[in-house]
Amino acid sequence: MALLIAIEDSHLLFHRRFSSNLQTLDSIKDCIFQICKGFFYYCKHSTTNLMDTRICRDNKLFAYAFNDLIATIGSKYQPKVDDWPPPVKGSKGRNDPEVAFNMLDCILKRSLERLKLMRGTMAWAHKVGQYNSIMKADYSQHVNTIRNLSLEGKLGVALWLLNKMIHADGVIPDVVTHNHLINGFCKVGEIEKAEWLIRQMTYQGPSPNCATYNTLMKGYCAFIDIEKAWDLLSTMGDNGDNKVKPNIVTFNIIVHAMCKEGKFYDEARVLLLRLTDEDSEKNLVSSTILMDHYFKNGNTKLALRLWGEICKRSKELDVVAYNALVHGCYLSLDVLLMYKYVIEMLKIGLAPDIFTYNTLISGLCKVKMIDDACYLFYIVMSKMGVYPDVISYSILIQGLCKVGNVVKAHELLNCMLERSMIPKPLIWNTIIHGYGKIGDKQSAFHVRDQMITYGVSPNVFTYNALIRMLAKTGEIYEARMLMKEMLVSGPLPDTVSYNLLIGAESEYGHLYSAHQVYEDMLKRGFHPDVVTYTQLIKGYCIKGKVSEAEGIFLTLLGSKLVIDHVPFQILIKQHFKMRNFDSAYGIYEMWERMESQGE
DNA sequence: GCCTCATCGA
């Protein structure tokens with residue numbers, strides 16, 4: 001326990017120093033070292049079998065990981081490291097140093113990645129500080145600036161700088177810089193600008209390369225259609241002197257787009273399989289696309305078989321492939337299998353990332369294992385140096401609401417807001433709905449007001465959640481007022497809003513009002529559905545007006561709507577209540593006839 | 001070097 005706290009402390013210290021921007025490189029290295037050391041001791045001395053591993057082959061990897069660590073951190077710590085005791089022989093994996101080091105490696109890699117990112121950010125901030133003297137900056141600085149601006153989506157400035165370089169300085173940036181800009185435009189859907197830039201490239205250089213066309217192709221798939229991407233495939237580089245040959249990435253883009261659209265042409269499958277056979281090492285991506293496609297279409301068996309093949313032929317698997325696999329297990333709600341593969345990742349030294357954790361947490365929430373989900377969210381993620389993002393919070397909030405713990409969900413929402421994460425209306429609505437379900441009207445409206453304060457506009461789902469709550473508590477006047485508010489200032493109600501209000505009016509015997517709402521609905525061009533009619537039928541039945549109810553029922557039968565068992569059930573019940581057994585049987589027969597027709 | 005695969009969802 002003390003060790004765990006020590007790890008946590010050094011970890012926290014690391015992040016505090018990290019975020020203060022005042023730290024020296026050595027102090028960061030020291031922190032990383034302390035965290036790794038702490039983690040190693042934890043794995044080694046832990047009495048529980050953390051990884052459930054039975055592998056304890058030899059100490060080579062141990063030494064390798066060590067050297068790796070030292071090489072990265074610096075020789076300064078060599079003597080300290082030498083003091084560490086050797087791994088226990090014959091420990092049968094209980095405190096497996098290999099596993100410990102794979103995990104340690106994960107943490108280290110991640111920390112170093114962050115360090116790199118921070119350095120980049122600091123360098124960039126430095127550049128901005130000298131913005132006034134940018135005119136004096138040399139070619140490589142300009143080019144770096146264009147790349148950074150493109151990555152940040154500041155495309156206007158990036159394009160300005162590119163044009164300035166070409167026209168004022170008389171130098172033409174290289175193809176990679178151009179590609180960065182094209183990528184920026186394609187990501188936000190400004191395809192014409194990307195096309196224009198490529199035309200300019202073919203005209204004045206540098207010649208577009210395969211990555212240029214691949215980028216444009218992805219833009220076509222995302223914002224236009226696959227056909228356009230196919231066209232590009234056949235005309236790639238036709239304008240220039242040298243025709244550009246498509247590569248594996250090109251095909252992956254197209255195949256992926258087809259999978260996403262739900263189309264999977266035979267030719268694509270054949271193409272992909274052929275590519276996968278030809279160069280197995282490079283085509284982990286292709287296989288991942290294919291496996292993901294199988295999983296998403298419910299073909300779990302085929303997907304798992306493919307995974308087996310991937311494992312056999314790929315020397316190195318990546319996090320994305322595992323994430324697709326874990327998501328596949330998520331789709332079949334197999335939590336145990338999800339855990340199994342995540343542990344496998346750790347064993348081979350792949351650090352689960354935010355995608356992995358979000359998928360895991362989501363799966364746990366879906367099967368209502370909310371405590372496990374919280375444990376991952378609060379304890380494991382921060383220990384592994386992966387921090388929850390908007391999606392992690394959203395998943396857990398929805399999970400908590402699902403099991404009725406709306407108070408904790410609201411607390412979590414407040415945590416998000418403190419961290420300047422403003423979730424989409426969906427999350428606010430989930431909490432409002434949660435409060436509505438337990439009848440906490442005050443809190444529901446409080447959250448509604450809170451969302452407005454944070455600049456998130458309530459949508460039709462927000463209003464529906466509130467109307468549902470008011471209908472349940474019988475506060476029909478307030479529900480009507482909300483409907484009025486929607487009609488006056490938006491968002492416009494939908495069929496569900498009308499159904500909720502009609503249902504409430506019917507439930508409390510306000511048949512006239514219910515009918516008025518129904519008329520209003522028709523007048524404004526909203527389409528009633530089977531629920532609308534069922535609510536009206538129910539209203540008439542409650543009042544004992546069965547013939548009027550049957551009138552509505554006939555209207556329902558005359559419509560082209562697909563009818564479920566509910567209106568039949570209501571009418572049969574009512575007839576029984578009034579001892580009209582023949583009529584009840586008549587309706588029952590009608591229902592049976594309809595059921596058999598449906599088959 | 002730049003371009004390919006993965007997460008939540010009323």
Side-chain angles (χ1 to χ4, degrees), chain A residues 140 143-144 146-147 150-151 173-184 186-187 194 206 208-219 221 229 244 246-257 259-260 272 275-276 282-293 295-296 310 317-328 330-331 338 352-366 373 386 388-399 401-402 423-434 436-437 459-465 468 494 496:
Chain A
S140 66
V143 155
N144 272 332
I146 292 175
R147 292 177 187 185
S150 302
L151 284 171
D174 65 356
V175 62
V176 177
T177 309
H178 275 85
N179 288 352
H180 267 108
L181 248 168
I182 290 164
N183 194 19
C186 285
K187 272 211 172 115
N209 63 9
C210 196
T212 318
Y213 289 112
N214 288 348
T215 309
L216 182 63
M217 199 169 277
K218 207 184 168 194
C221 290
V244 180
N247 63 6
I248 178 77
V249 178
T250 321
F251 291 110
N252 282 342
I253 291 168
I254 291 187
V255 171
H256 181 234
C259 287
K260 243 187 177 165
L272 202 59
L275 288 168
T276 317
K282 280 186 191 161
N283 293 326
L284 179 60
V285 176
S286 317
S287 307
T288 306
I289 295 170
L290 198 57
M291 182 182 70
D292 187 50
H293 176 253
F295 272 128
K296 283 178 178 156
I310 295 171
L317 298 164
D318 67 6
V319 181
V320 180
Y322 264 103
N323 287 346
L325 176 69
V326 172
H327 184 248
Y330 156 85
L331 289 175
M338 285 172 82
D353 62 6
I354 189 70
F355 282 85
T356 328
Y357 287 110
N358 286 351
T359 311
L360 252 178
I361 293 174
S362 188
L364 290 167
C365 286
K366 221 160 206 171
V386 181
D389 63 359
V390 185
I391 292 178
S392 327
Y393 276 98
S394 303
I395 294 166
L396 199 56
I397 286 174
Q398 289 174 82
C401 284
K402 204 176 186 175
K424 287 182 193 171
L426 177 87
I427 300 307
W428 300 88
N429 297 344
T430 309
I431 294 175
I432 292 172
H433 184 71
K437 267 208 293 206
N459 62 15
V460 62
F461 293 100
T462 321
Y463 278 91
N464 289 351
R468 184 174 283 117
D494 61 5
V496 176

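Worth knowing before you read on, the calculation uses all heavy atoms, side chains too, and leaves out hydrogens, waters and symmetry mates. Reminder, nothing fancy here: chain letters follow the sequence lines and each chain counts from 1.
As judged by a 4.0 angstrom heavy-atom cut-off over every strand, Asn459(A) is placed among the base-contacting residues. Residue Asp174(A) is in base contact, counting any heavy-atom pair closer than 4.0 Å across all strands shown. Residue contacts for His433(A): at a heavy-atom cut-off of 4.0 Å it reaches no nucleic acid atom on any strand shown. Within 4.0 Å of Tyr330(A), counting heavy atoms only, lie sugar-phosphate atoms of the nucleic acid but no base atom. Residue Thr359(A) is in sugar-phosphate contact alone, with no base atom involved, counting any heavy-atom pair closer than 4.0 Å across all strands shown. Residue contacts for Lys187(A): at a heavy-atom cut-off of 4.0 Å it reaches no nucleic acid atom on any strand shown. Ile395(A) comes within 4.0 angstrom of the backbone, heavy atoms only, and of no base.
For the residue pair Leu216(A) and Cys186(A), the shortest heavy atom distance occurs at CA-SG, 3.9 Å.
For Phe355(A) and dC8(B), the CZ to P distance is 10 Å, given to the nearest whole Å. Between the NE2 atom of His178(A) and the P atom of dC2(B) there is a distance of 17 Å, rounded to whole Å. Summarising the geometry, the separation between CD1 on Ile253(A) and P on dA6(B) is reported as 12 Å, rounded to the nearest angstrom. Atom CD1 of Ile427(A) is separated from atom C1' of dG9(B) by 8 Å (rounded to the nearest Å). The separation between Phe295(A) atom CZ and dT7(B) atom P is 12 Å, rounded to whole Å.
Of the side-chain N and O atoms in His327(A), one or more sit less than 4.0 angstrom from OP1 or OP2 of dC8(B). Under 4.0 angstrom from either OP1 or OP2 of dT4(B) there lies no side-chain N or O belonging to Lys260(A). In terms of phosphate contacts, His256(A) brings a side-chain nitrogen or oxygen within less than 4.0 Å of OP1 or OP2 of dC5(B). OP1 or OP2 of dG9(B) has not a single side-chain nitrogen or oxygen of Lys424(A) nearer than 4.0 Å.
For Asn214(A), taking side-chain heavy atoms from C-beta onward, the closest of the listed nucleotides dC3(B), dC8(B), dT4(B) is dC3(B). Nearest to the side chain of Asn183(A), among dC3(B), dT7(B), dG9(B), sits dC3(B).
Annotation: ring-ring contact (aromatic ring centres under 6.0 Å, His included) contacts of Tyr322(A) (sequence neighbours excluded): Trp307(A). Partners of Arg147(A) by salt bridge (charged side-chain N to carboxylate O under 4.0 Å, His left out), not counting sequence neighbours, listed by chain and number: Asp174(A).
Put simply, NZ on Lys218(A) and CD1 on Ile253(A) are 7.0 Å apart, with the number rounded to the nearest 0.5 Å.
A donor-acceptor contact under 3.5 Å links the side chain of Asn429(A) to the base of dA10(B). Judged by atom type and distance alone, Thr215(A) does not reach the base of dC3(B) through any side-chain donor-acceptor pair under 3.5 Å.
Test Asp292(A), Thr288(A), Thr359(A), Asp353(A) against Asn323(A) for side-chain hydrogen bond (donor to acceptor under 3.5 Å, both in side chains) and you get one pass: Asp353(A).
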